[in-house]
Amino acid sequence: MIYQDSKVLLEVRELCATVNGITILKGINLTVKSGEIHAIMGTNGSGKSTFAKVIAGHADYEITGGTVDFEGKNLLDLAPEERARAGIFLGFQYPIEIPGVANNQFLRLAYNTAQIQRNKDELDPLEFDDLVREKMKLLEMNPDFLDRSVNENFSGGEKKRNEILQMSLLDPRIAILDETDSGLDIDALRIVANGVNQLANKGNATILVTHYQRMLNYIVPDYVHVMESGRIVKTGGKELALDLEKHGYDWVNVEQPTTAGT
Amino acid sequence: MSVALQNLINKPYEHGFVTEIESDVAPKGLNEGTIRLISTKKNEPEWLLDFRLKSYQQWLKMEEPKWSNVKYPKIDFQAISYYSAPKEKKKLASMDEVDPELLRTFEKLGVPMHERAALAGVAVDVIFDSVSVATTYKEKLAKVGIIFGSISEAVHTHPELVKKYLGSVVPVGDNYYAALNSAVFTDGSFCYIPKGVKCPMDLSTYFRINTEESGQFERTLIIAEEGASVSYLEGCTAPRFDTNQLHAAVVELVAHDNADIKYSTVQNWYAGDEKGVGGIYNFVTKRGLAKGKNSRISWTQVETGSAITWKYPSCVLQGDNSVGEFYSVAVTNNYQQADTGTKMVHIGKNTRSTIVSKGISAGHSNNSYRGLVRVAPTATNARNFSQCDSMLIGDLCSANTFPYIQVRNNSAKVEHEASTSKIGEDQLFYFAQRGIGSEEAVSMIINGFCKDVFQQLPMEFAVEATNLLGLKLEGSVG
């Protein structure tokens with residue numbers, strides 16, 4: 001939701017990035033204020049997921065230009081774990097499997113790390129168990145997954161729910177959800193979207209990176225950005241997503257001469 | 001491999017100090033004279049000298065084995081000193097008279113030598129270079145008939161037991177290093193649990209090599225009579241020297257009917273520096289004979305040290321329904337090499353064995369699992385399950401698995417599972433994205449990987465092993 005008195009959380013200016021010498025991002029501009037929900041849409045290979053990973057600090061990408069300010073700090077100076085502790089959350093498109101590490105152990109360590117960052121008390125395993133079970137209800141998750149290894153042999157839907165569960169535990173300032181809707185059946189999509197909606201508030205912001213419009217039926221964005229060849233080529237309100245759905249991404253390219261330069 | 005990962009494995013070895021203590025060291029070199037000297041110094045009976053000389057003759061006829069997957073320059077057996085002992089000023093009457101320098105050494109290493117200070121209730125036998133310097137809780141154990149102390153002492157106090165069992169599980173000519181050990185062994189632990197006695201506390205031996213260019217050839221013998229049970233722990237450290245030192249031990253276990261021996265090792269010998277200079281050659285023969293029916297022998301080892309580890313704690317399952325177990329974590333870093341595993345030899349009916357091996361390689365190291373499961377024609381309904389998992393950290397190390405399976409009885413069931421995994425950048429990024437740094441991430445992944453083995457260790461050893469692994473792999477991930 002757009003609030004009049006909200007402050008800027010994330011300010012991206014002319015961000016350029018390469019991977020293995022290939023330029024993927026070619027000057028991204030984006031301003032995200034607290035309370036807002038943004039959707040970044042685009043075809044495969046347009047640079048959406050790269051953008052998400054670059055913000056989180058993935059080491060494969062080299063920043064070749066531009067700036068990223070997060071609450072007044074230079075985000076690009078921070079290591080990935082420092083960005084996370086500062087309140088940047090990435091919901092992975094393909095959550096990583098970690099055999100041998102129990103999910104509850106992993107979640108508790110992540111949670112307590114965030115607690116330390118906020119000068120709050122760490123929770124012991126029993127206290128944490130109560131908390132996590134409460135959060136899991138929101139996502140209609142089976143408690144037995146706490147004892148399983150992180151993401152190992154999880155179904156696509158379970159992995160995505162696990163991402164949202166982590167988001168709910170870490171309570172980030174900005175959550176970037178990379179294709180969270182992919183691989184979800186309609187019930188799972190509803191549950192996940194419901195979780196995201198419940199977590200959104202005046203103090204935080206959400207960036208949905210998605211290919212399809214369907215998730216935006218459940219999570220209504222304040223802004224929709226279309227990405228093409230490493231740039232945001234068009235920005236509009238929620239109706240832009242519907243136009244895209246109707247006309248396809250080529251429609252943007254035809255339109256581009258009149259709207260380029262955002 | 002990133003710098004963070006790199007830094008994470010390369011934590012310095014903390015037991016690398018040398019104790020300044022006056023030692024009685026035999027001149028370097030090996031011949032019959034050396035063996036007679038050792039035997040004289042230890043005031044040994046004639047039969048033991050004969051045992052040594054016979055072994056020496058065997059050894060002379062043997063070839064140094066070459067089949068392992070490890071590389072090292074030829075060992076000059078004439079450049080090693082075969083006997084080194086801290087000089088005693090007088091005969092010790094109690095623990096309080098142990099050289100304070102020695103006590104400080106073991107305090108630094110965290111070994112409880114003072115009985116009253118030992119909160120854990122573990123009886124400890126301490127071996128410094130070639131001799132046993134102290135044994136705690138001896139009298140208390142003696143009350144229930146348990147004999148626990150150094151083997152040199154047992155030679156005098158219980159010659160009939162030593163004579164009966166010495167070399168009964170590992171014959172003198174078993175292999176090159178076992179023959180060498182049989183000729184020159186200096187000290188080690190001896191433990192005898194009489195019929196029906198469950199040892200009331202963990203027994204522990206702590207080995208320390210202090211003198212440069214001395215070898216340690218210890219000999220351990222554990223016997224559990226019918227219905228007896230014992231849990232035995234072994235720990236090892238050595239100072240940091242640029243030269244390689246040879247450690248060629250022999251451990252023999254005998255379990256009679258319904259007896260149970262659990263042997264746990266945390267091996268943290270000096271591993272050499274990050275360029276592979278120095279460190280211990282750990283060439284050890286460990287074997288347990290599950291002699292009686294329903295007997296059980298269980299080996300648990302955490303191998304983190306040594307420049308080269310070459311050992312296969314094994315079980316000979318002779319008694320019907322006997323059980324053999326092997327749980328191992330072997331970690332190699334820098335230029336360390338490990339070729340380790342086990343042998344399970346099924347002879348009796350309904351014998352069962354379990355092998356769980358976890359190898360972790362980092363740096364330029366090479367880590368091999370080598371195991372033999374042999375089912376003899378007599379071993380009807382034998383069962384074996386083996387699980388060998390390797391984990392690679394970085395891309396300069398290697399891991400190998402060499403399982404040998406020989407089955408000569410149709411009713412046998414042998415299962416083998418193996419896996420190789422790698423701590424990936426993506427896993428570390430996932431942790432980082434949740435605020436968890438690479439050091440904690442690696443320790444969490446490794447502990448998860450080793451869980452099945454760690455839970456076999458006695459409590460305090462499990463804690464030590466977990467910490468040790470953390471230290472060992474610090475700086476290796478990225």
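Each chain gets a letter, A, B and so on, in the order its sequence line appears, and its residues count up from 1. We use all heavy atoms of the structure for the numbers below, so side chains are in, but hydrogens, waters and symmetry mates are not.
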Problem set entry | A:Leu90, part contacting chain B, at a heavy-atom distance under 4.5 Å | both

For this session: Heavy-atom pairs under 4.5 Å with chain B are the metric here; pick the option from A:Val101, A:Ile96, A:Leu107, A:Ile88 that has the most.
Result: A:Ile96

Seminar exercise, completed: Okay, A:Ala56 and chain B: the region with an atom under 4.5 Å from a heavy atom over there is both

For this session: Grab the two heavy atoms, one from A:Ala84 and one from B:Gly435, that are nearest each other, plus how far apart they are.
Result: CB-N, 3.4 Å

Problem set entry | salt bridge (Lys or Arg N to Asp or Glu O under 4.0 Å) partners of residues 328-337 of chain B, not counting sequence neighbours, each pair once | none

Exercise. Quick one: side-chain contact (heavy atoms from CB on, under 4.5 Å) partners of A:Asn74, sequence neighbours excluded?
Worked result: A:Leu76, A:Asp77

Seminar exercise, completed: Those residues at least two apart in sequence (or on a different chain) that pass side-chain contact (heavy atoms from CB on, under 4.5 Å) with A:Arg133 are A:Asp129, A:Pro143, A:Leu146

Seminar exercise, completed: What one should report as the nearest heavy-atom pair of A:Gly57 and B:Phe429 is C-CE1, 3.7 Å

For this session: Please flag which part of A:Leu169 lies under 4.5 Å from any non-hydrogen atom of chain B: side chain, backbone, both or neither.
Result: neither

Cross-interface N/O pairs, chain A with chain B, donor-acceptor, under 3.5 angstrom:
from     : atom 1 : to       : atom 2 : distance (Å)
A:His58  : NE2    : B:Asp426 : OD1    : 3.4
A:Arg85  : NE     : B:Gly435 : O      : 2.8
A:Arg85  : NH2    : B:Gly435 : O      : 2.9
A:Ile88  : O      : B:Gln433 : NE2    : 3.0
A:Leu90  : N      : B:Gln433 : OE1    : 2.9
A:Leu90  : O      : B:Arg434 : NH1    : 2.8
A:Leu90  : O      : B:Arg434 : NH2    : 3.2
A:Glu97  : O      : B:Gln427 : NE2    : 3.0
A:Gly100 : O      : B:Lys451 : NZ     : 3.3
A:Asn151 : ND2    : B:Tyr430 : OH     : 3.2
A:Glu163 : OE1    : B:Arg434 : NH2    : 2.6
A:Glu163 : OE2    : B:Tyr430 : OH     : 2.4
A:Glu163 : OE2    : B:Arg434 : NH2    : 3.4
A:Gln166 : OE1    : B:Arg434 : NE     : 2.3
A:Gln166 : NE2    : B:Tyr430 : OH     : 3.0

Problem set entry | Portion of A:Pro95 that has a non-hydrogen atom of chain B nearer than 4.5 angstrom | both

